[in-house]
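In this text the structure is predicted, and so the values were computed from the model without any measurement.
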Amino acid sequence: MQYCIFTEPQQGFSYDDQLAFAQLAERLGFTGFFRSDHYLRMGPGDPLPGPTDAWTALAGLARETSRIRLGTLVSSVTYRTPGILAIQVAQVDAMSAGRVELGLGTGWFEAEHRAYGIPFPEKRFALLEEQLAIVTGLWRTPVGETFRFDGAHYRLEDAPALPKPVQSRVPIIVGGAGPRRTPAIAARFATEFNIGFQPEDVIAEKFTVVRDACRSIDRDPDDLLLSVALPTIAAGSRRDLERRAGAVGIDPETAGGTDILGDAAAISAKVERLRALGAQRIYFQLMDMRDLAQLEYLGTEVLPLLPR
């Protein structure tokens, strides 16, 4: 079992906030620090200091951490052309000495695209398939050879396919609740399948579907890491629980059925249930990045109780 921190910096947090959070998560022993890749705050509230670019921020964190893994959950195919994305991720992988993971998805937040003039085509699954084929193809191309791709959306001619990542295989995360194309794409390209923000019965169903998708292409389903990402409120007292939930707009009376919510014992029990469903990695989504005390509680009081 692996345990990661998952953050949403576009909700009003600076690079310095992310740095403090990532460094504390590293000291506490978490497997990874992952962040969303968004440019616009969601919902009401103060948008200051404004968005930070995910891969620029991760490049900085790569030089200011030493052990914790770093990645996106997830980058959108609408933001970057795949050739440039492959270069960015490979460079940050080198800057981190091989600690990068790439989560890639179709994107969904149309208002963000309108705000910054980013094209948002109605159909994006084909973009995701082609981007994954290009990024992984560029990284696999032997040094000294070139890479070509002729697709419906992207065309690469004699790309030098450089630089190469430090890792021989950069972990690729594909996720979502789509019934057909998402599991098929994950089975073909991903090292990890992630399902987020769903109750336990849906998580179990999606894990079964993606494992079946692996078998359909003669891939060993045990080769695909299964993970869950859920909003998390961790507190040792009811008072702290209600305060932290209120600060991020969560109702603790209704959220417990899906979210990770409660004290060390309650969170440990939830993780045990997720493990029984097949989860091998848990992403604790912590929305308030200035609440370092919550992260400290999760690391010192909860993490030691969790199965490994």
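Residues that satisfy the side chain to side chain donor-acceptor pair (under 3.5 Å) test with Glu192, not counting sequence neighbours, are Ser227, Arg281, Tyr283. Under the rule for a side chain to side chain donor-acceptor pair (under 3.5 Å), the partners of Gln18 that lie at least two apart in sequence or sit in another chain are Arg35, Thr52. Residues passing the side chain to side chain donor-acceptor pair (under 3.5 Å) test with Arg244, sequence neighbours excluded: Asp291. Residues that satisfy the side chain to side chain contact (heavy atoms under 4.5 Å, CB included) test with Arg169, not counting sequence neighbours, are Thr191, Arg219, Asp223. Under the side chain to side chain contact (heavy atoms under 4.5 Å, CB included) criterion, Asp212 pairs with Thr208, Arg215, sequence neighbours left out. When the side chain to side chain donor-acceptor pair (under 3.5 Å) test is applied to Arg243, the partners found at least two apart in sequence or on another chain are Asp240. The salt bridge (charged side-chain N to carboxylate O under 4.0 Å, His left out) test applied to Asp201 returns no partner, not counting sequence neighbours.
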If you look only at distance, which donor and acceptor atoms sit under 3.5 Å apart when one is on a side chain in residues 269-277 and the other is two or more places apart or in another chain?
{"unit_1": "Lys270", "atom_1": "NZ", "unit_2": "Glu200", "atom_2": "OE2", "d": "2.9"}
{"unit_1": "Lys270", "atom_1": "NZ", "unit_2": "Thr258", "atom_2": "O", "d": "3.2"}
{"unit_1": "Glu272", "atom_1": "OE1", "unit_2": "Arg275", "atom_2": "NH2", "d": "3.1"}
{"unit_1": "Arg273", "atom_1": "NE", "unit_2": "Glu200", "atom_2": "OE1", "d": "3.3"}
{"unit_1": "Arg273", "atom_1": "NE", "unit_2": "Glu200", "atom_2": "OE2", "d": "3.0"}
{"unit_1": "Arg273", "atom_1": "NH2", "unit_2": "Glu200", "atom_2": "OE2", "d": "3.3"}

Ignoring hydrogens and angles, write down the donor-acceptor pairs under 3.5 Å from the side chains of residues 9-16, residues two or more places apart or on other chains.
{"unit_1": "Gln10", "atom_1": "OE1", "unit_2": "Ser36", "atom_2": "OG", "d": "2.6"}
{"unit_1": "Gln10", "atom_1": "NE2", "unit_2": "Glu8", "atom_2": "OE1", "d": "2.8"}
{"unit_1": "Gln11", "atom_1": "OE1", "unit_2": "Met42", "atom_2": "N", "d": "2.8"}
{"unit_1": "Gln11", "atom_1": "NE2", "unit_2": "Met42", "atom_2": "O", "d": "3.0"}
{"unit_1": "Ser14", "atom_1": "OG", "unit_2": "Asp16", "atom_2": "N", "d": "3.3"}
{"unit_1": "Ser14", "atom_1": "OG", "unit_2": "Asp17", "atom_2": "N", "d": "3.1"}
{"unit_1": "Ser14", "atom_1": "OG", "unit_2": "Asp17", "atom_2": "OD2", "d": "3.2"}
{"unit_1": "Tyr15", "atom_1": "OH", "unit_2": "Gly60", "atom_2": "O", "d": "3.3"}
{"unit_1": "Tyr15", "atom_1": "OH", "unit_2": "Leu61", "atom_2": "N", "d": "3.4"}
{"unit_1": "Tyr15", "atom_1": "OH", "unit_2": "Glu64", "atom_2": "OE2", "d": "2.6"}

Show me the side-chain donor-acceptor pairs of residues 299-308 shorter than 3.5 Å, one per line, residues at least two apart or across chains.
{"unit_1": "Thr300", "atom_1": "OG1", "unit_2": "Glu296", "atom_2": "O", "d": "2.7"}

N/O donor-acceptor pairs under 3.5 Å from side chains in residues 79-89, not counting sequence neighbours:
{"unit_1": "Tyr79", "atom_1": "OH", "unit_2": "Asp37", "atom_2": "O", "d": "3.3"}
{"unit_1": "Tyr79", "atom_1": "OH", "unit_2": "Glu112", "atom_2": "OE1", "d": "2.3"}
{"unit_1": "Tyr79", "atom_1": "OH", "unit_2": "Glu112", "atom_2": "OE2", "d": "3.3"}
{"unit_1": "Arg80", "atom_1": "NH1", "unit_2": "Asp37", "atom_2": "OD2", "d": "2.7"}
{"unit_1": "Arg80", "atom_1": "NH2", "unit_2": "Asp37", "atom_2": "OD1", "d": "3.3"}
{"unit_1": "Arg80", "atom_1": "NH2", "unit_2": "Asp37", "atom_2": "OD2", "d": "3.2"}
{"unit_1": "Arg80", "atom_1": "NH2", "unit_2": "Tyr39", "atom_2": "OH", "d": "3.3"}
{"unit_1": "Arg80", "atom_1": "NH2", "unit_2": "Asp53", "atom_2": "OD1", "d": "3.2"}

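A donor-acceptor contact shorter than 3.5 Å links the side chain of Ser216 to the backbone of Ala213.
Between Phe6 and Phe197, the ring-plane angle classifies as tilted under the 30° and 60° cut-offs.
Around atom CD of Gln91, no more than 12 heavy atoms belonging to other residues, nucleotides or ligands sit under 6.0 Å away.
Pairs passing the salt bridge (charged side-chain N to carboxylate O under 4.0 Å, His left out) check and including a residue from residues 249-264, sequence neighbours excluded, read Arg238-Glu253.
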